[in-house]
Q: 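Sending over a structure as structure tokens; questions will come in a sec.
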Amino acid sequence: MTKMKRLRSQLSAAIMFAVLMGITTGCWDMVEPNERSIWVGTGLDSAAGRKIDLSAQIAVPRALGEGGGQQEPYMVKSTVGRNLEDCFQKLQAKLSRRIFLGHRNAVFVGQEMAEKSMKRLMDEFGRNPRSNIRAKLFLVKGATAKSFLAESGGIEYFSTEKAIRQTRFNGINDKMTTMIFFKEVLQRDGMRPLMQVVAAGTEKNPQSEAEESESSHREIALFNNSAAAVGYLQEEEAIAALWAAGYLKDQMVTETVNGQEVTIDFHHMKRTLKSKIAGENVEVKLALRAQGIVDENDTDLNLFSYSDMKQVEQAFNQRIEQQMNIMIKKVQQKYKTDIFGFGEDIHRRYPKQWNQMKGNWDERFPKVKVTVISSITIRHIGERGPK
Amino acid sequence: MEKTLLSQSLKENEQNLRDVFHLCSDIVFRYTYNQGTPEFLILYLDGFVDMTVLEQSILRPLMLNRNAEPDTMGKMIRDSFVFTGQTKTSNQVKDVVDSVLKGYVAILTEGESLALLADAAGFDKRAIDEPKTEKASQGPRDCFTEALRTNTMLLRRRITTPRLKMESFKLGELTSTDVVLAYVEDIAKPGLIEEVRKRLKNISTQGILDAAYIEERIQDRPKSPFPQIQKTERPDTTASSLIEGKVAILVDCTPTVLILPINFWAGFQSADDYYERVDFVFARRLVRYVMMFASLTLPGLYIALTTYHPDLLPGTLFISIGEAREKSPFPTIIEVLIMEFVFEGLQEAGIRMPSQIGPLVSIVGALVVGQAAVEANIVSAPIVIVVALTGIASFVIPRYAFAIPLRILRFAIIFLAGIYGMYGVSIGVMAIMIHLVTLQSIGESYLPPIMPLIRRRLKEVLLRPPHWPWGKP
């Protein structure tokens, strides 16, 4: 009999344990994969009266499988709400499946919204535990984010994926395009964030791009302290700014040497800052370093010869320094926002003085005297030496 | 009533034995006569006795010996004229009966209360075959058979030392099965031998028909799904275990030998691990450990990941799973349970069915269950993949007995995953680990060298010790 009793007490303990386990997990949160709406990308636009126009690009799995094809593999739903979570709730009412943010890989901000200020969006970034904090952040220029989401993805299923992949192979450190990094930079005193820009309307005819050969599009948006986009930099200027701000890992650079073009594929791109406080003024020495492989040499220079190679390096260094100076001047004078993190360097080197400076850093930043020193080296001259 | 001692009268003895073997048609009573008077009574069990031995070594000398005086008969059968290897005498009726039942020939004579028992056993037995359940790519190909003496021979051929002891036991009231406890003296711990001896002696049962009858009666925790005694049919595995200081139990009439104590890792080691190159075995063991984990948790992980934590899956994979599940009528857990159940059924059918219709079942299994069920949108394709992978994983485990607990516990993990998600899977795996840590095999812990931690033996688990000198022993 005691054996029976022990068995019964063991059984009741097991049942108890199972029930308690159920309570501690909260609730029955099992959701079948076909009960979730796989949210791929978010679009944020400003709506009238401080409201947010949130659009969602949602994958349609049926269209991805065999026999799909007639249907687009995504749909875009949008709603206007008072803040992000309010929008989510309203959007859920429009969807037959549970919102699932785990694979929301990118957030697109419309130009209007970004230029107004994104500060009020920042809190939700990273607070909502269900969302993917490593989602990439993009600014959609010249259109609303909603219209970008509605575009076809071309070779990809979704325009979101297209945007992510375009930037992935452009040499920018992957971690630095995420929304959580943007938020982190914004919280610093001596650095301002920047954002990748995508243009809407580039994918009008996904079959062929031949009819209108677009120029490649590289653009970044510069943000100020209150998370409002204050300016844009394109092409070479954008790359120079990314390098100077420490976002770049590798990049191909083409410069003119002796009237002809030379392209070097750089890797290990680094920048180092050395700031100094001289009285009221701040001086910054910006050292740029990179190693590269010569990919194309249209000049008559013989790269086997040391002096010719040095000549190429010198020409590159000169051009880079020139471009950097122009770009930094432009950022300092026109946009007045410290995307390079000069302030952060002072913060680290002179923490005491920084306490007095950080209050009006935006006024001080244009007055910073910047010296650029570029020292790139050619590591490899390519497969063939002379012309 | 039956007499316990033999009498001097041949007639009386015959009557007595005929009473004992009443209605046993396979007992043969054979008289030899000298000038018309019965001289010897020869008693044997038909089918158990090698006829050539009986004729040439027993009947022939007895019947050709015509000149002896009648009063020296007793002396004669004790000392000479019987040319078999093993003889013994007894005056106990029970001894005579038991010996005859084991294949001895009993010889009785007038005026003598002793019976001569000559070993002439020669019943039919299976030839030494290749191992059926423990296949190995390399190494010896012999396998234990049902005959105990063949099995002890196979061990003796490998370990040629008088220190290899083979203690004999008789278990089972009806079967009185010969059981041999084998160990190498001075290597096996005396405490261990004493403990096994004690447990064997405590067995009281009507019959022992297989080694499993003994296994279940002497293991430490009969309720645990994990085997605490290793069963093998390979003499090389047994011999290497004996050299390591383990103890083997050989049971007559079964090709299975019990090895004890064992630890958990023994279930994932195969005999040919020691016949292949070290580096290859290392890779193979890695595969086994991964597969062991997959066999236990893969369906559970699938349920937990797709229904509770899709964030953990790559985005495109989750979209494909979602696409595959678009038309599925059942929740994931039900789908997994259906497919697992069908797979278990297929395995069972595979063991039971007659070999002529074997191909039929594989066609039905592959086509109907796999393809058609997916095409008819009853189950989704990823589930079939998961279940098939799990099945493969469980067959990777070299010892069948160790695949079984994982197969059973897999269902527990499936339920835990279905109710609690990843939380349930981890609780389940932890509970199994706690159980394994407390488990013992004949008083020795089950998980060494991981628990208790023995650092210098740690590499033995993942790698296998090479045959060349390797660090400190």
Side-chain angles (χ1 to χ4, degrees), chain A residues 3 6-7 10 14 17-41 57-68 71 73-74 97-106 128-135 156-158 160-161 164-165, chain B residues 222-223 300 302-337 374-375 377 379-383 386 412-431 434-435:
Chain A
K3 208 173 168 191
R6 215 178 63 205
L7 200 73
Q10 275 174 357
F17 184 66
V19 169
L20 283 175
M21 237 167 94
I23 295 167
T24 50
T25 45
C27 54
W28 180 273
D29 40 10
M30 174 194 254
V31 182
E32 293 295 333
N34 48 352
E35 290 167 2
R36 288 186 197 269
S37 51
I38 306 165
W39 186 319
V40 194
Q57 189 177 43
I58 286 160
V60 181
R62 199 182 322 123
L64 292 167
E66 287 171 57
Q71 209 181 347
Y74 59 88
R97 297 181 178 189
R98 169 108 159 248
I99 285 179
F100 168 56
L101 286 169
H103 289 304
R104 193 233 0 228
N105 290 334
N128 181 351
R130 286 177 299 277
S131 76
N132 176 4
I133 57 165
R134 278 165 308 188
E156 310 296 344
Y157 284 126
F158 318 110
T160 305
E161 217 173 329
I164 293 168
R165 294 200 171 190
Chain B
K223 280 182 201 154
Y302 177 81
I303 295 171
L305 286 177
T306 57
T307 60
Y308 284 88
H309 320 281
D311 330 41
L312 297 177
L313 292 170
T316 28
L317 177 64
F318 183 60
I319 292 177
S320 324
I321 291 172
E323 185 253 309
R325 273 201 54 86
E326 273 306 305
K327 284 184 186 165
S328 303
F330 304 115
T332 310
I333 176 165
I334 302 291
E335 268 188 287
V336 169
L337 283 175
V374 172
E375 274 173 21
N377 291 316
V379 291
S380 57
I383 306 273
V386 165
I413 299 276
I414 288 173
F415 281 111
L416 284 172
I419 301 168
Y420 307 112
M422 208 61 161
Y423 179 67
V425 174
S426 31
I427 291 267
V429 172
M430 264 195 274
I434 290 169
H435 172 72

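Every chain is numbered from 1, with letters handed out A, B, ... down the list of sequences.
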Q: Is Y157(A) in contact with chain B via its backbone, its side chain, both, or neither, using a 4.5 Å heavy-atom distance?
A: neither
Q: Calculate, to the nearest 0.5 Å, the distance between atoms OH and CE belonging to Y420(B) and M30(A) respectively.
A: 12.0 Å
Q: If every non-hydrogen atom of G322(B) is compared with every non-hydrogen atom of P33(A), which pair is closest and at what distance?
A: CA-CB, 4.1 Å
Q: Is L416(B) close to chain A through its backbone or its side chain, or both, or neither, when contacts mean heavy atoms under 4.5 Å?
A: side chain
Q: What is the distance from atom CG of N34(A) to atom OG1 of T306(B), rounded to the nearest 0.5 Å?
A: 10.0 Å
Q: How long is the straight-line distance from CD1 of I334(B) back to CD of E32(A), given to the nearest 0.5 Å?
A: 9.5 Å
Q: Of all heavy-atom pairs between I319(B) and A59(A), which one has the smallest distance, and what is that distance?
A: CD1-CB, 4.1 Å
Q: Please look at R97(A) and chain B and tell me whether the side chain, the backbone, both or neither of the residue comes under 4.5 angstrom of a heavy atom of that chain.
A: side chain
Q: Using side-chain heavy atoms (C-beta onward) and a distance below 4.5 Å, is P310(B) in contact with V31(A)?
A: no
Q: Hey, can you tell me if F318(B) and H103(A) have their rings parallel, tilted or perpendicular (30° and 60° cut-offs)?
A: tilted
